[in-house]
A.B. asks: 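Sharing a structure below in structure tokens format, with a few things to ask.
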Protein chains: 2
Amino acid sequence: MDSLLQRIDQEIVAIGGKRSRSRAQVIEVFFRTGTHVTVEELTHAVRKRNRSVGSATVYRTVKLLARLDYAKELDFGDGLKRYESNLEAHHDHLVCQECGAVFEFKEPRIETLQEQVAKQHGFFPTMHRLDIYGYCRKCAPGDKRNRDK
Amino acid sequence: MDSLLQRIDQEIVAIGGKRSRSRAQVIEVFFRTGTHVTVEELTHAVRKRNRSVGSATVYRTVKLLARLDYAKELDFGDGLKRYESNLEAHHDHLVCQECGAVFEFKEPRIETLQEQVAKQHGFFPTMHRLDIYGYCRKCAPGDKRNRDK
DNA sequence: AGTGAATTTGAAATTCATTATCATCATAGG
DNA sequence: CCTATGATGATAATGAATTTCAAATTCACT
């Protein structure tokens, strides 16, 4: 964990940046925090440690992590962006439309098919996003009345 | 096409709405327009016929179509929502990060795997979104220098 | 055709996440 | 210790999307 922070610090220096206390705190909390965080959530978590950190810094830091490929930007269509660590292997998401819970899954066969499809279209993929929306076990509707809310 | 508009009109009446000239124009242009339109594009297209249509009406109409399941809301992560007709069979998207072109594809085997995955997690899927980002044939980079822009 | 209740409209105002601005502060190299 | 420059945090600005509201339109009922 510390070595991760060091590594990131080095990369920041390498692109002409300086170290800073606030940013280091944001980064550490980000990697410790559960995944799929919104900036607001992350800001709140960081402020528990250091009340003075402004949300602009959190926005900047999380964008920086995404630029350095340590974080991935997610968007589940509810109007706010979420971020997750990009250290773990690639995975996709199951998003519950009722309670907002997000589950992760891996399915290498889907990845394979995606590459095939891209190739068929003369397309050079750099990344993809697969989100499955629906109802998790807890929120599963016995009937369909929930649907239209 | 006319029967489609009639059918939609009937549904609107069924949920307590009234017919209106502007909305009918928006709906017609929407179904005639190429797919993946932004609200801005659609507004512009509608105004060619009827200068007086306001963008609020376009926003409202396209939301209404989505509610009635005639349109699908898309989001390719560039900050604006896009809409496409929901009449055609389901398909997914290849999005070029360079020129913004969007290509559609169908891959039933991916759909099947998605349902398997959902079932494995006790998840009840209602829809999904698969977007593959990368470079289309035209924008394909010979080297990797394009990547970071 | 006329009336009235209800919906829709377009313009403008508002909302809200995100980004930019800017004066001040912190960092790091000399 | 000095200085140049990047980073910060408060605040203002941006921009897509939504809401407000008075005026216009629709439509069921005469």
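It should be emphasised that the depicted structure is a prediction, and the values quoted were computed from it without experimental measurement. Lettering follows sequence order; numbering is per chain, from 1. The analysis underlying the following values was restricted to heavy atoms, covering all of them including side chains, and did not include hydrogens, waters or symmetry mates.
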A.B. asks: Could you tell me whether R60(A) contacts a base, only the sugar-phosphate backbone, or nothing, with contacts defined as non-hydrogen atoms closer than 4.0 Å?
C.D. replies: base
A.B. asks: Taking CG from D9(A) and P from dG6(D), how many angstroms apart are they, rounded to a whole number?
C.D. replies: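 D9(A) atom CG is separated from dG6(D) atom P by 16 Å.
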A.B. asks: From CG of L64(B) over to C1' of dT9(C), roughly how many Å is that when rounded to an integer?
C.D. replies: 14 Å
A.B. asks: May I ask you to test the E115(B)-T112(B) pair for a side-chain heavy-atom distance under 4.5 Å?
C.D. replies: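 Contact flag for E115(B)/T112(B) side chains = no.
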A.B. asks: Flag the pair R67(A) / I15(A) as yes when at least one side-chain heavy-atom distance between them is below 4.5 Å, and no otherwise.
C.D. replies: yes
A.B. asks: Answer yes or no: is there a side-chain heavy-atom contact under 4.5 Å between I132(B) and F105(B)?
C.D. replies: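 Result yes, sub-4.5 Å side-chain heavy-atom pair found.
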A.B. asks: Before giving the answer on side-chain contact (heavy atoms from CB on, under 4.5 Å), spell out for I8(B) and Y70(B) the whole-Å C-alpha distance, their side-chain angles and the decisive distance to 0.1 Å.
C.D. replies: CA-CA 8 Å; I8(B) 295 175; Y70(B) 285 103; 3.7 Å; yes
A.B. asks: Within a strict 4.5 Å, meaning less than it, do heavy atoms of the L42(B) and V26(B) side chains meet?
C.D. replies: yes
A.B. asks: Among K72(B), E41(B), E104(B), which residue meets the side-chain hydrogen bond (donor to acceptor under 3.5 Å, both in side chains) test with H36(B)?
C.D. replies: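 Considering K72(B), E41(B), E104(B), a side-chain hydrogen bond (donor to acceptor under 3.5 Å, both in side chains) with H36(B) is found only for E104(B).
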A.B. asks: Report yes if the side chains of D92(B) and Q114(A) come closer than 4.5 Å at any heavy-atom pair, otherwise no.
C.D. replies: no
A.B. asks: Tell me whether E40(B) at atom CD has more than 12 heavy atoms from other residues, nucleotides or ligands lying less than 6.0 Å away.
C.D. replies: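 Result for CD/E40(B): open.
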A.B. asks: Measure the distance from CZ on R23(A) to C1' on dT27(C) and round it to the nearest whole Å.
C.D. replies: 11 Å
A.B. asks: What's the CD1-P distance between I12(A) and dA28(C), to the nearest Å?
C.D. replies: 11 Å
A.B. asks: Check the distance between dA7(D)'s C1' and N50(A)'s CG and give it to me in whole angstrom.
C.D. replies: 14 Å
A.B. asks: Is there any protein nitrogen or oxygen under 3.5 Å from a nitrogen or oxygen in nucleotides 14-18 of chain D, and what are the pairs?
C.D. replies:
| from | atom 1 | to | atom 2 | distance (Å) |
| --- | --- | --- | --- | --- |
| dA17(D) | OP1 | K81(B) | N | 2.8 |
| dA17(D) | OP2 | Y59(B) | OH | 2.7 |
| dT18(D) | OP1 | K63(B) | NZ | 3.3 |

A.B. asks: Any non-hydrogen side-chain atom of K63(A) less than 4.5 Å from a side-chain atom of E73(A)?
C.D. replies: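 Yes; the side chains approach each other to less than 4.5 Å.
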A.B. asks: Under 4.0 Å from any atom of DNA chain D, heavy atoms only: list the residues of residues 24-31 of chain B that qualify, in numerical order.
C.D. replies: none
A.B. asks: Could you state the CD-P distance from Q10(A) to dA28(C), rounded to the nearest angstrom?
C.D. replies: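 Rounding to the nearest Å, CD of Q10(A) and P of dA28(C) are 13 Å apart.
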A.B. asks: Are any non-hydrogen side-chain atoms of H91(B) and F103(B) less than 4.5 angstrom apart?
C.D. replies: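 The answer is no, as the side chains (C-beta and beyond) never meet within the 4.5 Å cut-off.
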A.B. asks: Hey, are the side chains of R23(A) and I12(A) touching, using non-hydrogen atoms and a 4.5 Å cut-off?
C.D. replies: yes
A.B. asks: Tabulated below should be each protein N or O lying under 3.5 Å from an N or O of nucleotides 24-26 of chain D; please produce it.
C.D. replies:
| from | atom 1 | to | atom 2 | distance (Å) |
| --- | --- | --- | --- | --- |
| dT26(D) | O2 | K18(B) | NZ | 2.7 |

A.B. asks: Measure CG/L65(B) against P/dT8(C) and give the value in whole Å, please.
C.D. replies: 13 Å
A.B. asks: Can you tell me how far C1' of dT7(C) sits from CD of E11(B), to the nearest Å?
C.D. replies: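 For the pair E11(B) CD and dT7(C) C1', the rounded distance is 18 Å.
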